[in-house]
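What you see is a predicted model, and the numbers here were worked out from it, not measured in a lab.
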Amino acid sequence: MRRLIVEDLTIRAGQRTLVDEVSFALDEGKILAIVGPSGAGKSVMTRSLLGLRGPLPGVVGGAVIVEEPEVTARLYDSQQEEDALAIFSRLRGDVIGYLPQHARESLDPIWTVGKQVQEAMDLAGHMDTVADWLKRAGFSEPDRVIGLYPHELSGGMAQRVCIALAIARGSRFLLADEPTTGLDPTVQRAILNELKRIAQSGVGILLITHDLRIVPEYADDVMIMNAGRVVERLEASKLGEAESEMARALLAATDRISHSKKGRVRG
(Lines give C-alpha, C1' and ligand atoms only; values in the text may rest on other atoms or scores of the structure.)
Protein backbone atom coordinates (compact mmCIF):
# COMPACT_ATOMS: atom_id res chain seq x y z
CA MET A 1 0.00 0.00 0.00
CA ARG A 2 1.19 3.49 -0.85
CA ARG A 3 1.14 6.08 1.93
CA LEU A 4 1.97 9.75 2.25
CA ILE A 5 3.18 10.33 5.81
CA VAL A 6 3.85 13.62 7.55
CA GLU A 7 5.83 13.49 10.80
CA ASP A 8 6.08 16.47 13.15
CA LEU A 9 6.15 18.99 10.29
CA THR A 10 7.05 22.45 11.55
CA ILE A 11 7.13 25.61 9.44
CA ARG A 12 8.14 29.06 10.61
CA ALA A 13 8.22 32.58 9.19
CA GLY A 14 10.70 34.55 11.26
CA GLN A 15 9.70 34.06 14.88
CA ARG A 16 6.15 32.99 14.02
CA THR A 17 5.27 29.29 13.83
CA LEU A 18 2.83 28.66 10.98
CA VAL A 19 2.67 24.87 11.26
CA ASP A 20 3.50 23.29 14.61
CA GLU A 21 4.54 19.61 14.68
CA VAL A 22 1.74 18.35 12.43
CA SER A 23 1.59 14.60 11.82
CA PHE A 24 -0.80 12.49 9.73
CA ALA A 25 -0.91 9.73 7.11
CA LEU A 26 -2.85 9.50 3.86
CA ASP A 27 -3.44 6.08 2.30
CA GLU A 28 -4.07 5.39 -1.35
CA GLY A 29 -7.74 5.34 -2.22
CA LYS A 30 -8.73 7.50 0.75
CA ILE A 31 -9.86 11.12 1.10
CA LEU A 32 -8.59 13.04 4.12
CA ALA A 33 -10.31 16.39 4.62
CA ILE A 34 -8.46 19.15 6.44
CA VAL A 35 -10.62 21.91 7.87
CA GLY A 36 -9.97 24.93 10.03
CA PRO A 37 -10.30 28.72 10.11
CA SER A 38 -8.29 31.01 7.83
CA GLY A 39 -4.71 31.19 9.06
CA ALA A 40 -4.80 27.71 10.57
CA GLY A 41 -1.84 26.62 8.42
CA LYS A 42 -3.70 24.35 5.99
CA SER A 43 -2.47 25.81 2.70
CA VAL A 44 1.12 26.51 3.75
CA MET A 45 1.37 22.91 4.97
CA THR A 46 -0.01 21.62 1.65
CA ARG A 47 2.49 23.67 -0.34
CA SER A 48 5.33 22.24 1.72
CA LEU A 49 4.29 18.73 0.65
CA LEU A 50 4.96 19.82 -2.94
CA GLY A 51 8.38 21.25 -2.14
CA LEU A 52 7.09 24.81 -2.53
CA ARG A 53 8.26 25.70 0.98
CA GLY A 54 11.97 25.04 1.23
CA PRO A 55 13.92 24.04 4.34
CA LEU A 56 15.64 26.66 6.47
CA PRO A 57 13.93 29.12 6.34
CA GLY A 58 10.47 27.68 6.06
CA VAL A 59 10.37 24.02 7.05
CA VAL A 60 12.48 23.78 10.20
CA GLY A 61 11.54 20.32 11.46
CA GLY A 62 9.84 17.05 10.73
CA ALA A 63 9.68 14.87 7.64
CA VAL A 64 7.47 14.06 4.66
CA ILE A 65 7.64 10.38 3.74
CA VAL A 66 6.33 8.73 0.59
CA GLU A 67 6.02 4.98 1.03
CA GLU A 68 5.63 2.92 -2.12
CA PRO A 69 6.24 -0.73 -2.93
CA GLU A 70 9.32 0.25 -4.93
CA VAL A 71 10.82 3.11 -2.91
CA THR A 72 10.51 5.10 0.30
CA ALA A 73 11.53 8.74 0.08
CA ARG A 74 12.12 10.93 3.12
CA LEU A 75 11.93 14.67 2.56
CA TYR A 76 13.08 17.53 4.79
CA ASP A 77 14.44 15.50 7.68
CA SER A 78 17.98 15.84 6.31
CA GLN A 79 17.54 19.64 6.28
CA GLN A 80 19.68 19.75 3.14
CA GLU A 81 17.95 22.05 0.66
CA GLU A 82 19.71 20.65 -2.40
CA ASP A 83 18.73 17.09 -1.49
CA ALA A 84 15.13 18.05 -0.76
CA LEU A 85 14.71 19.93 -4.03
CA ALA A 86 16.23 17.07 -6.03
CA ILE A 87 13.87 14.54 -4.44
CA PHE A 88 10.84 16.76 -4.93
CA SER A 89 11.68 17.27 -8.61
CA ARG A 90 11.34 13.50 -9.05
CA LEU A 91 8.18 13.11 -6.97
CA ARG A 92 6.20 16.20 -7.97
CA GLY A 93 3.70 15.24 -10.65
CA ASP A 94 4.24 11.52 -11.06
CA VAL A 95 3.72 10.81 -7.33
CA ILE A 96 2.22 13.96 -5.79
CA GLY A 97 -0.15 16.13 -7.83
CA TYR A 98 -1.81 19.44 -7.03
CA LEU A 99 -5.30 20.81 -7.61
CA PRO A 100 -5.10 24.56 -6.94
CA GLN A 101 -7.71 26.92 -5.58
CA HIS A 102 -7.66 29.03 -8.75
CA ALA A 103 -7.41 26.46 -11.51
CA ARG A 104 -7.40 28.74 -14.56
CA GLU A 105 -4.44 30.75 -13.26
CA SER A 106 -2.37 27.58 -12.88
CA LEU A 107 -2.72 26.63 -16.56
CA ASP A 108 -0.31 27.82 -19.26
CA PRO A 109 -2.15 30.67 -21.03
CA ILE A 110 -0.41 30.17 -24.38
CA TRP A 111 -1.00 26.42 -24.71
CA THR A 112 -4.29 24.78 -25.62
CA VAL A 113 -5.88 22.30 -23.24
CA GLY A 114 -4.96 19.47 -25.58
CA LYS A 115 -1.29 20.43 -25.72
CA GLN A 116 -1.05 20.66 -21.94
CA VAL A 117 -2.67 17.27 -21.40
CA GLN A 118 -0.46 15.76 -24.14
CA GLU A 119 2.62 17.06 -22.34
CA ALA A 120 1.49 15.39 -19.09
CA MET A 121 0.84 12.15 -20.96
CA ASP A 122 4.27 12.23 -22.60
CA LEU A 123 6.01 12.73 -19.25
CA ALA A 124 4.20 9.68 -17.84
CA GLY A 125 4.66 7.61 -21.00
CA HIS A 126 0.93 7.05 -21.53
CA MET A 127 -0.31 5.89 -24.93
CA ASP A 128 -3.98 6.89 -24.47
CA THR A 129 -5.49 9.83 -26.32
CA VAL A 130 -5.93 13.32 -24.87
CA ALA A 131 -9.70 12.85 -25.16
CA ASP A 132 -9.47 9.72 -22.98
CA TRP A 133 -7.92 11.66 -20.08
CA LEU A 134 -10.33 14.57 -20.43
CA LYS A 135 -13.23 12.12 -20.33
CA ARG A 136 -11.81 10.52 -17.17
CA ALA A 137 -11.76 14.01 -15.64
CA GLY A 138 -15.49 14.38 -16.26
CA PHE A 139 -15.81 16.01 -19.70
CA SER A 140 -18.73 14.41 -21.52
CA GLU A 141 -17.60 15.87 -24.87
CA PRO A 142 -13.80 16.10 -24.56
CA ASP A 143 -13.21 16.81 -28.26
CA ARG A 144 -14.88 20.19 -27.82
CA VAL A 145 -12.35 21.15 -25.12
CA ILE A 146 -9.06 20.04 -26.67
CA GLY A 147 -8.56 23.15 -28.81
CA LEU A 148 -9.56 25.69 -26.15
CA TYR A 149 -7.17 28.01 -24.33
CA PRO A 150 -7.38 28.55 -20.55
CA HIS A 151 -9.07 31.95 -20.90
CA GLU A 152 -11.90 30.24 -22.79
CA LEU A 153 -12.70 27.88 -19.92
CA SER A 154 -15.23 28.35 -17.15
CA GLY A 155 -14.05 27.82 -13.58
CA GLY A 156 -15.43 24.31 -13.44
CA MET A 157 -13.92 23.39 -16.81
CA ALA A 158 -10.51 24.70 -15.72
CA GLN A 159 -10.63 22.59 -12.55
CA ARG A 160 -11.49 19.50 -14.61
CA VAL A 161 -8.51 20.21 -16.88
CA CYS A 162 -6.28 20.36 -13.78
CA ILE A 163 -7.70 17.00 -12.71
CA ALA A 164 -6.95 15.59 -16.17
CA LEU A 165 -3.38 16.88 -15.98
CA ALA A 166 -2.82 15.27 -12.59
CA ILE A 167 -4.22 11.85 -13.44
CA ALA A 168 -2.57 11.83 -16.90
CA ARG A 169 0.74 12.55 -15.16
CA GLY A 170 0.16 9.49 -12.99
CA SER A 171 -0.09 11.14 -9.57
CA ARG A 172 -0.72 8.65 -6.76
CA PHE A 173 -1.68 11.41 -4.33
CA LEU A 174 -3.60 14.62 -5.06
CA LEU A 175 -3.43 17.69 -2.84
CA ALA A 176 -6.66 19.61 -3.45
CA ASP A 177 -6.52 23.10 -1.95
CA GLU A 178 -10.08 24.48 -1.87
CA PRO A 179 -10.70 23.09 -5.39
CA THR A 180 -14.33 24.28 -5.58
CA THR A 181 -13.78 27.91 -4.55
CA GLY A 182 -15.89 30.32 -6.60
CA LEU A 183 -17.85 27.61 -8.40
CA ASP A 184 -21.63 27.42 -8.34
CA PRO A 185 -23.15 24.64 -6.19
CA THR A 186 -23.95 22.35 -9.12
CA VAL A 187 -20.40 22.53 -10.49
CA GLN A 188 -18.94 22.14 -6.99
CA ARG A 189 -20.80 18.89 -6.52
CA ALA A 190 -19.73 17.62 -9.94
CA ILE A 191 -16.05 18.32 -9.15
CA LEU A 192 -16.34 16.64 -5.74
CA ASN A 193 -17.98 13.62 -7.36
CA GLU A 194 -15.03 13.37 -9.76
CA LEU A 195 -12.57 13.53 -6.85
CA LYS A 196 -14.45 10.75 -5.07
CA ARG A 197 -14.39 8.64 -8.22
CA ILE A 198 -10.64 9.21 -8.59
CA ALA A 199 -10.11 8.16 -4.97
CA GLN A 200 -12.07 4.99 -5.62
CA SER A 201 -9.61 4.23 -8.43
CA GLY A 202 -6.79 4.14 -5.85
CA VAL A 203 -5.54 7.74 -5.60
CA GLY A 204 -5.12 9.27 -2.14
CA ILE A 205 -6.62 12.77 -1.87
CA LEU A 206 -5.90 15.48 0.67
CA LEU A 207 -8.91 17.80 0.51
CA ILE A 208 -8.63 21.23 2.10
CA THR A 209 -12.02 22.87 2.53
CA HIS A 210 -13.91 25.47 4.53
CA ASP A 211 -17.24 23.78 3.81
CA LEU A 212 -17.88 21.26 6.57
CA ARG A 213 -21.17 20.28 4.94
CA ILE A 214 -19.37 18.26 2.25
CA VAL A 215 -17.01 16.42 4.60
CA PRO A 216 -19.23 13.50 5.77
CA GLU A 217 -20.32 12.72 2.20
CA TYR A 218 -16.98 12.95 0.42
CA ALA A 219 -14.20 12.26 2.93
CA ASP A 220 -13.14 9.15 4.85
CA ASP A 221 -11.46 11.05 7.68
CA VAL A 222 -11.25 14.67 8.78
CA MET A 223 -8.47 16.57 10.53
CA ILE A 224 -9.25 19.88 12.27
CA MET A 225 -6.47 22.46 12.47
CA ASN A 226 -6.19 25.70 14.42
CA ALA A 227 -3.24 28.06 14.87
CA GLY A 228 -0.91 25.66 13.06
CA ARG A 229 -1.77 22.62 15.17
CA VAL A 230 -3.96 19.55 14.72
CA VAL A 231 -6.63 19.78 17.40
CA GLU A 232 -8.66 16.71 16.43
CA ARG A 233 -8.89 13.88 13.92
CA LEU A 234 -11.84 11.54 13.47
CA GLU A 235 -13.89 9.64 10.92
CA ALA A 236 -15.66 12.03 8.58
CA SER A 237 -19.00 10.35 9.22
CA LYS A 238 -18.62 11.26 12.91
CA LEU A 239 -17.81 14.94 12.36
CA GLY A 240 -20.97 15.93 14.24
CA GLU A 241 -19.52 14.19 17.32
CA ALA A 242 -16.28 16.22 17.32
CA GLU A 243 -15.26 17.38 20.79
CA SER A 244 -12.61 20.08 20.23
CA GLU A 245 -13.62 23.68 20.80
CA MET A 246 -12.57 24.67 17.28
CA ALA A 247 -14.56 21.85 15.67
CA ARG A 248 -17.68 22.83 17.62
CA ALA A 249 -17.23 26.49 16.60
CA LEU A 250 -16.86 25.55 12.92
CA LEU A 251 -19.90 23.28 13.06
CA ALA A 252 -21.96 26.03 14.71
CA ALA A 253 -20.88 28.58 12.09
CA THR A 254 -21.70 26.16 9.28
CA ASP A 255 -25.12 25.51 10.77
CA ARG A 256 -25.84 29.24 10.98
CA ILE A 257 -24.85 29.76 7.35
CA SER A 258 -26.99 26.83 6.20
CA HIS A 259 -30.05 28.10 8.04
CA SER A 260 -29.47 31.63 6.76
CA LYS A 261 -29.42 30.44 3.14
CA LYS A 262 -32.53 28.32 3.63
CA GLY A 263 -34.36 31.29 5.10
CA ARG A 264 -33.72 33.71 2.24
CA VAL A 265 -36.71 34.94 0.29
CA ARG A 266 -36.14 35.22 -3.43
CA GLY A 267 -38.23 37.62 -5.41
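Annotation for L250 and G36: closest pair CD1-CA, 3.9 Å, computed over non-hydrogen atoms. Closest heavy-atom contact between I96 and S171: C-OG, 3.9 Å. Annotation for A247 and E232: closest pair CB-OE1, 3.9 Å, computed over non-hydrogen atoms. Minimum heavy-atom separation, A13 to L18: CB-CD1, 3.9 Å. Taking every heavy atom of both residues into account, L174 and A166 meet most closely at CD2-CB, 3.3 Å. P142 approaches L134 most closely through the heavy-atom pair CB-CB, 3.6 Å.
The shortest side-chain heavy-atom distance between V19 and S48 does not fall under the 4.5 Å cut-off. Residues V230 and F24 fail the side-chain proximity criterion, which asks for heavy atoms closer than 4.5 Å. Residues V35 and T209 are in side-chain contact: their nearest non-hydrogen atoms beyond the backbone lie under 4.5 Å apart.
Residues forming a side chain to side chain donor-acceptor pair (under 3.5 Å) with T129 (at least two apart in sequence, or on another chain): D132. With sequence neighbours excluded, no residue forms a salt bridge (charged side-chain N to carboxylate O under 4.0 Å, His left out) with R104. Contacts of D8 classified as salt bridge (charged side-chain N to carboxylate O under 4.0 Å, His left out), with partners at least two apart in sequence or in another chain: none. For R233, the side chain to side chain donor-acceptor pair (under 3.5 Å) test picks out no residue, with sequence neighbours left out. Taking the side chain to side chain donor-acceptor pair (under 3.5 Å) definition, one finds that Q188 meets it with nothing, sequence neighbours left out. With sequence neighbours excluded, no residue forms a salt bridge (charged side-chain N to carboxylate O under 4.0 Å, His left out) with E241. Partners of R248 by salt bridge (charged side-chain N to carboxylate O under 4.0 Å, His left out), not counting sequence neighbours: none found.
Contacts classified as side chain to side chain donor-acceptor pair (under 3.5 Å) and involving residues 105-123 (residues at least two apart or in different chains) are given here: Q118-D122. Within the structure, salt bridge (Lys or Arg N to Asp or Glu O under 4.0 Å) pairs that include any residue of residues 175-189 comprise R189-E217 (at least two apart or interchain). Residue pairs meeting the salt bridge (Lys or Arg N to Asp or Glu O under 4.0 Å) criterion with at least one partner in residues 13-34, sequence neighbours excluded, are R2-E28, R3-D27, D20-R229. The ring pair (Phe, Tyr, Trp, His ring centres under 6.0 Å) contacts involving residues 137-189 comprise nothing, where partners must be two or more places apart or lie in separate chains. Listed by first and then second residue, the salt bridge (Lys or Arg N to Asp or Glu O under 4.0 Å) pairs involving residues 138-148 are E141-R144 (not counting sequence neighbours).
At distances below 3.5 Å, at least one donor-acceptor pair connects side-chain atoms of R160 with backbone N or O atoms of A137. Without hydrogens or angle criteria, Q159 side chain to P100 main chain gives a donor-acceptor distance under 3.5 Å.
Rounding to the nearest 0.5 angstrom, the gap separating the OG atom in S237 from the CG atom in D221 is 8.5 Å. Note that CG of L175 and CE of M45 are 8.5 Å apart. Values are rounded to the nearest 0.5 Å. One distance of note links CG of L251 with CG of L212; it measures 5.5 Å at 0.5 Å rounding. Here the straight-line distance linking atom CH2 of W133 with atom CD1 of I163 works out to 13.0 Å at 0.5 Å rounding. Atom CD1 of I31 and atom CD1 of I198 lie 9.0 Å apart (nearest 0.5 Å). Annotation: the span from L99 atom CG to L206 atom CG amounts to 11.0 Å, rounded to 0.5 Å.
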task = Tell me, with the steps shown, if L234 and I224 meet side chain to side chain contact (heavy atoms under 4.5 Å, CB included).
result = CA-CA 9 Å; L234 67 162; I224 298 103; 3.8 Å; yes

inquiry  = For a side chain to side chain contact (heavy atoms under 4.5 Å, CB included) check, start with the C-alpha distance between V113 and I146, then their side-chain angles and the critical distance, and finish with the verdict.
reply    = CA-CA 5 Å; V113 167; I146 289 175; 5.8 Å; no

request  = Mind running side chain to side chain contact (heavy atoms under 4.5 Å, CB included) on L107 and L165 for me, showing each step along the way?
outcome  = CA-CA 10 Å; L107 299 172; L165 291 172; 3.6 Å; yes

message = For a side chain to side chain contact (heavy atoms under 4.5 Å, CB included) check, start with the C-alpha distance between L207 and I214, then their side-chain angles and the critical distance, and finish with the verdict.
response = CA-CA 11 Å; L207 175 63; I214 70 171; 4.3 Å; yes

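The environment of K135 atom NZ is sparse: at most 12 non-hydrogen atoms of other residues, nucleotides or ligands sit within 6.0 angstrom.
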